[in-house]
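Keep in mind that what you see is a predicted model, and the values were worked out from it rather than measured.
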Amino acid sequence: MDERAWFDALYHDNAELLFRLGRRLCGAGGEDSLLDVIQDVFLTAWSKRAELMAHPNPGGWLVCALKLRLRGASAKIRREELRRAYSLDEEDAALPVCDRALTPEQSAVLAGHIEQLRALLDEENAEIFIEWALMGKTAADIAKEHYLSVSCVWMRISRARRKLAQHPELFYIFLVILTGFDSPRL
């Protein structure tokens, strides 16, 4: 049997099974993405046709390949959902403090806490966090200014936020500053 005829038989014998199994594993929604995954499985099978023609159970190989791809796609979706849930995207950011009218007292409080922040973080990370949180710059602009990648800037902002969260008194002051000075006192 030539390769083309073998592959056509493999496809016709297993395509419906893979579709039913895929729908069961990932639900009825997203049939287009499921079809993409099945197509990818068959493309991989075609590229490995020499091995699969000698395989004792090529249909079983297709099922395993489908499960692995669906598991990978599911993990990717979960990672994306978590990324969005814990996102630092600009649209979620508060109005920059530099755009607010601060009283002299508020400016003095802010200046004192910025010094504490600089002591807590190293100079460059403190500068990146201040530019993002207080000045309202985007991660892309900060990355250009500091010759870093955007993902590196987001990582530094995330680390700064975690360190800041370990200091509740400083964290609360910055929270009040970032969300507005008219917040009630605890």
Side-chain angles (χ1 to χ4, degrees), residues 25-27 29-41 43-44 47 65 67-186:
L25 291 174
C26 67
E31 288 183 4
D32 290 338
S33 60
L34 174 60
L35 290 172
D36 290 342
V37 171
I38 292 171
Q39 179 181 5
D40 186 47
V41 167
L43 286 172
T44 304
S47 69
K67 286 180 183 178
L68 288 173
R69 293 232 175 27
L70 288 175
R71 192 177 307 145
S74 174
K76 182 179 177 182
I77 290 168
R78 280 195 309 275
R79 281 193 307 271
E80 182 63 24
E81 287 172 353
L82 283 173
R83 187 198 65 75
R84 270 184 292 193
Y86 295 102
S87 176
L88 298 174
D89 290 340
E90 285 88 357
E91 61 263 12
D92 296 332
L95 178 67
V97 172
C98 63
D99 291 347
R100 298 187 187 156
L102 303 178
T103 66
E105 296 84 16
Q106 292 168 339
S107 295
V109 168
L110 181 59
H113 284 53
I114 286 176
E115 290 308 312
Q116 287 181 359
L117 179 68
R118 288 184 192 279
L120 178 66
L121 306 171
D122 65 72
E123 186 63 30
E124 186 177 15
N125 288 338
E127 190 63 33
I128 287 171
F129 183 78
I130 290 166
E131 288 176 7
W132 174 77
L134 302 179
M135 299 171 79
K137 291 184 179 179
T138 65
D141 291 339
I142 295 169
K144 286 179 190 172
E145 292 173 11
H146 291 267
Y147 302 103
L148 299 169
S149 68
V150 175
S151 62
C152 182
V153 170
W154 281 125
M155 183 57 68
R156 289 182 182 205
I157 290 169
S158 177
R159 288 180 188 150
R161 288 176 61 170
R162 279 196 302 265
K163 279 188 178 179
L164 193 56
Q166 293 173 355
H167 297 274
E169 69 289 345
L170 193 57
F171 181 75
Y172 176 71
I173 295 299
F174 273 102
L175 182 66
V176 169
I177 290 169
L178 291 173
T179 59
F181 283 93
D182 54 350
S183 299
R185 300 272 185 225
L186 291 178

Handout entry: Rounded distance [0.5 Å steps], CH2 in Trp154 versus CG in Leu148
Key = 13.5 Å
Fill in the blank from the handout: With sequence neighbours left out, the residues meeting side-chain contact (heavy atoms from CB on, under 4.5 Å) with Lys67 are Leu21, Leu25, Val63
Problem - Non-hydrogen side-chain atoms of Leu70 and Leu34 separated by less than 4.5 Å - result: yes
Handout entry: Shortest non-hydrogen contact from Ala140 toward Val150
Key = CA-CG2, 3.9 Å
Problem - Euclidean distance, Cys152 SG relative to Ile128 CD1, rounded to 0.5 Å - result: 6.5 Å
Handout entry: salt bridge (charged side-chain N to carboxylate O under 4.0 Å, His left out) partners for Asp40, two or more places apart
Key = Arg69
Exercise for the section: Locate the shortest heavy-atom distance separating Trp132 from Ile157; write the atom from each residue and the value. Expected result: CG-CD1, 3.5 Å
Exercise for the section: Under the side chain to side chain contact (heavy atoms under 4.5 Å, CB included) rule, what do Asn125 and Arg159 come out as? Steps first, then yes or no, please. Expected result: CA-CA 9 Å; Asn125 288 338; Arg159 288 180 188 150; over 6 Å; no
Fill in the blank from the handout: Output for pair (Ser158 OG, Lys163 NZ), nearest 0.5 Å, gives 12.0 Å
Problem - Of all pairs that satisfy salt bridge (Lys or Arg N to Asp or Glu O under 4.0 Å), the ones with a partner from residues 138-155, not counting sequence neighbours - result: Lys137-Glu145
Practice task
Not counting sequence neighbours, which residues clear side chain to side chain donor-acceptor pair (under 3.5 Å) with Gln39? List them please.
Solution key: none
Problem - Glu127: salt bridge (charged side-chain N to carboxylate O under 4.0 Å, His left out) partners, not counting sequence neighbours - result: Arg118
Problem - Partners passing side chain to side chain donor-acceptor pair (under 3.5 Å) against Ser47 (at least two apart in sequence or in another chain) - result: none
